[in-house]
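Working notes, beginning with the structure itself.
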Amino acid sequence: STYGDGGTVRLIGDSQGVTRGDVEILQPILIEGRGTATCGGTLEIEGSSVVLAAAVMASGDCGGTVDVLATQALRLDSVSAIDVSAAAEVSGSVTLRTFGSLVASGSIDADGGSYLGGEGGAVALDADGAISVSGTLPPLDVPHRGNTGGTNGQLDGGNDSMVGAIVRNG
């Protein structure tokens with residue numbers, strides 16, 4: 001097995017250089033960090049329409065980064081999962097951006113790492129058109145002083161409902 005930081009993958013849909021082509025991810029992308037003090041990888045996707053229909057694993061001791069830009073439509077299928085979580089440090093980030101509509105049915109995990117104070121990551125869903133969210137962002141358990149049970153001793157973070165949204169120009 002190999003140890004180290006996750007890699008960087010950039011996928012660009014090309015349609016003879018005139019406009020962006022479509023990008024569809026049907027197989028898992030594994031760019032996670034392995035070993036101690038490693039960081040997850042970076043995935044950048046650009047296309048006209050982008051469909052994520054498989055898992056993207058970009059986790060590590062510090063989380064990875066997933067940035068997706070679609071000029072027409074972006075869909076995160078229910079079978080897909082994006083994981084930029086961190087085992088010990090600050091978690092990564094996920095940005096899903098489209099000039100059209102965005103449908104997020106899969107799960108996104110940007111959980112921060114340790115009970116010693118690892119921070120959760122940032123998740124941004126940005127669309128000029130409609131945004132439909134039916135997937136989940138798992139709740140983060142809360143570390144506290146005096147915890148002797150590791151992750152089993154953390155306080156329950158609550159449910160996975162969307163707790164806030166900002167609507168601009170809508």
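Computed from a prediction, not measured in an experiment: that's the story for all the values here.
Partner of Leu52 under the side-chain contact (heavy atoms from CB on, under 4.5 Å) criterion, out of Ile29, Leu76, Leu26, Leu74: Leu76 alone.
Counting only residues at least two apart or in different chains, salt bridge (charged side-chain N to carboxylate O under 4.0 Å, His left out) contacts with residues 41-55 comprise Arg10-Glu44, Arg10-Glu46, Arg20-Glu46.
Note on Val51: it does not cluster hydrophobically with Phe99, by side-chain heavy-atom contacts below 4.5 Å among ILVMFWY residues. Under the 4.5 Å side-chain heavy-atom criterion for ILVMFWY residues, no single connected hydrophobic cluster contains both Leu11 and Leu69. Grouping the Ile, Leu, Val, Met, Phe, Trp and Tyr side chains by contacts below 4.5 angstrom, directly or via other members, places Leu96 with Ile31.
For Arg75, the salt bridge (charged side-chain N to carboxylate O under 4.0 Å, His left out) partners two or more places apart in sequence, or in a different chain, are Asp77. Residues passing the side chain to side chain donor-acceptor pair (under 3.5 Å) test with Glu24: none are found, sequence neighbours excluded. Every residue meeting the salt bridge (charged side-chain N to carboxylate O under 4.0 Å, His left out) condition with Asp126, not counting sequence neighbours, appears here in chain and number order: Arg97. Legend: residues meeting side chain to side chain donor-acceptor pair (under 3.5 Å) with Ser48, ordered by chain and number and at least two apart, are Gln72. Not counting sequence neighbours, the partners of Ala127 by the side-chain contact (heavy atoms from CB on, under 4.5 Å) test are Thr98, Leu102, Ile131.
Across Val84 and Val94, no two heavy atoms sit closer than the pair CG2-CG2, 3.7 Å. Gly41 approaches Ala58 most closely through the heavy-atom pair O-CB, 3.7 Å.
Summarising the geometry, atom CD1 belonging to Ile108 is positioned 8.5 Å from atom OG belonging to Ser80; distances are rounded to the nearest 0.5 Å. Atom OG1 of Thr71 is separated from atom CG of Asp128 by 11.0 Å, given to the nearest 0.5 angstrom.
Contact check for Leu43 versus Ile82: no side-chain heavy atoms found under the 4.5 Å cut-off.
Grouped by direct or indirect side-chain proximity (heavy atoms under 4.5 Å, Ile/Leu/Val/Met/Phe/Trp/Tyr only), Met57 sits with Leu30.
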